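The shown structure was predicted, so the numbers you read here are calculated from the model rather than taken from an experiment. Numbering starts at 1 and runs along the sequence shown. Just follow the structure's listing: the first ligand is 1, and inside any ligand the first atom is 1. Note: hydrogens, waters and symmetry copies are ignored here, and every other heavy atom, side chains too, is used.
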Amino acid sequence: MSKIVFKLIEKEKVRQVTGLEMIPSENYVSSGVLSALGSILTNKYSEGFPGRRYYGGNEVIDEIENYAADLAKKLFEVPVALVQPYSGSPANMATTMAVCQPGETVLGLALSSGGHLTHGANLSFSSIFYKAVNYTVGPDWKINFEEMKELALKHKPKLIWAGTTAYPYKLDYKKFREVADLVGAYLVADISHISGLIVGGVHSSPVNDVDIITTTTHKTLRGPRGAMIMVTDRGLKKDPDLRSKLEKAIIPGLQGGPHNHQTAAIAIALEEAATPKFKKYAEQVVKNAKVLAEELGTKSENHLILLSLTDYGYGMGYQGQYALETAGITVNKNTIPGEPVSPFYPSGIRLGTPALTSRGMKEADMIKISKWIKLALEETRGNETPKEKELRAEHIKNFKREIVKNKNLQRIRNEVKKFASKFPVPGI
Ligand code: DSN
């Protein structure tokens with residue numbers, strides 16, 4: 001066995017146990033999920049779908065894939081579930097390929113408003129091979145449905161995305177449906193961030209309002225890296241061929257052999273997500289985020305918080321992320337709606353509670369953590385990103401080099417370490 005790799009895995013384990021993982025799209029999986037991921041299922045090629053494989057020897061793999069798909073159908077109350085997409089972006093690409101011809105129009109939330117790359121962002125396949133149009137959020141940071149309706153009427157999209165990656169509010173799928181119906185578009189909910197909250201019953205499901213649902217399986221759902229595409233009854237009524245169109249888009253359209261170890265791990269995660277314990281988990285994720293958001297002076301209705309750092313100075317996302325990292329708190333820099341600086345030097349951070357909640361942390365712990373966050377961010381004050389673009393990279397490089405020496409942050413790091421180590425990490 002490779003000493004080097006396993007030593008590095010141990011090192012990463014220490015980081016995951018002694019720090020506070022607050023990137024809202026991350027989580028800790030169970031030992032069952034980990035075991036399936038590390039199993040001999042990775043040895044097998046299985047191009048095709050159960051009962052229709054290109055290679056022999058797939059009788060057991062068929063059972064595993066059917067089992068995973070059946071669990072997904074039951075949990076999300078859909079007639080069709082495809083569990084082979086390698087991850088969220090391929091799932092969204094396959095979905096787009098299934099319902100749009102190259103060059104046709106897709107409408108999605110702008111990246112800078114909390115949308116996803118695959119929903120029509122610059123440089124993504126979704127704007128390279130399709131005509132991408134973006135709606136945005138208003139000054140209240142909530143989706144501007146008036147603008148979305150105007151854009152839909154003007155551009156007649158074939159596909160409308162209802163999904164977010166940096167949006168702290170609940171989504172009203174009925175409003176998306178009204179717009180989709182006006183132009184006859186396929187409506188797809190990308191619930192990657194909130195699928196765990198939906199199956200846990202704390203967010204309402206889009207199942208009655210959309211045609212297709214895509215989701216990653218590794219965020220609030222707490223499964224392995226992977227994704228699923230599901231078709232609703234409404235979707236099948238609109239287009240009875242949706243299943244075969246999606247299957248063809250997955251393979252041969254986009255992928256080769258499915259990752260069978262990943263499929264098995266998805267099945268285990270879905271078994272876990274169907275339990276009353278998971279429902280409690282999902283409820284606690286939202287309760288924790290609400291308290292944390294309030295303590296940080298903002299709001300959250302889901303698992304994440306988008307925090308503007310404009311009070312600390314100009315373009316402070318990098319500085320916030322690095323200061324918190326030095327303190328043992330992992331978050332990611334993020335643009336804020338109406339980003340005043342640049343996507344490369346954004347003005348906010350994005351953080352959330354799914355992973356902390358998996359360790360058993362509750363509201364009182366969030367209050368404690370919010371204090372450390374505020375103290376750590378205070379250390380960034382005065383270290384603004386230069387207004388002159390050509391000076392920015394150097395400034396951030398110097399900031400990163402110096403901030404690790406900050407005594408106050410090192411003190412917080414020690415407190416965080418002591419605190420975090422008290423909470424067991426699932427799977428470790
Ligand atoms: N990278 C994911 C996230 O962090 O939200 C989206 O793909």
*Asks:* Show the nearest heavy-atom pair for residues Leu187 and Tyr173, with the distance to one decimal.
*Replies:*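 So the two residues come closest at CD2-O, 4.4 Å.
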*Asks:* Quick one: list whatever passes side-chain contact (heavy atoms from CB on, under 4.5 Å) with His395, sequence neighbours left out.
*Replies:*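 By the side-chain contact (heavy atoms from CB on, under 4.5 Å) rule, His395 matches Gln319, Asn383, Pro386.
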*Asks:* Only counting residues at least two apart or in another chain, list the ones meeting side-chain contact (heavy atoms from CB on, under 4.5 Å) with His261.
*Replies:*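 So His261 forms a side-chain contact (heavy atoms from CB on, under 4.5 Å) with Leu37, Ser39, Leu41, Thr42, His259.
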*Asks:* Which residues satisfy the salt bridge (Lys or Arg N to Asp or Glu O under 4.0 Å) test with Arg177, sequence neighbours excluded?
*Replies:*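 If we apply the salt bridge (Lys or Arg N to Asp or Glu O under 4.0 Å) test to Arg177, skipping adjacent residues, the hits are Asp181, Asp211.
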*Asks:* So among Leu242, Thr95, Val78, which one has a side-chain contact (heavy atoms from CB on, under 4.5 Å) with Val231?
*Replies:*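 Exactly one pass, corresponding to Leu242.
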*Asks:* Between ligand 1 and the protein, find all N/O pairs closer than 3.5 Å and give the distance for each.
*Replies:*
{"residue": "ligand 1", "atom": "4 (O)", "partner": "Ser25", "partner atom": "OG", "Å": "2.6"}
{"residue": "ligand 1", "atom": "4 (O)", "partner": "Arg350", "partner atom": "NH2", "Å": "2.7"}
{"residue": "ligand 1", "atom": "5 (O)", "partner": "His193", "partner atom": "NE2", "Å": "2.7"}
{"residue": "ligand 1", "atom": "5 (O)", "partner": "Arg350", "partner atom": "NH1", "Å": "2.9"}
{"residue": "ligand 1", "atom": "7 (O)", "partner": "His116", "partner atom": "NE2", "Å": "2.7"}

*Asks:* Ion pair present between Lys280 and Glu283, side-chain N to carboxylate O less than 4.0 angstrom?
*Replies:*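 Looking at Lys280 and Glu283, the cut-off is not met.
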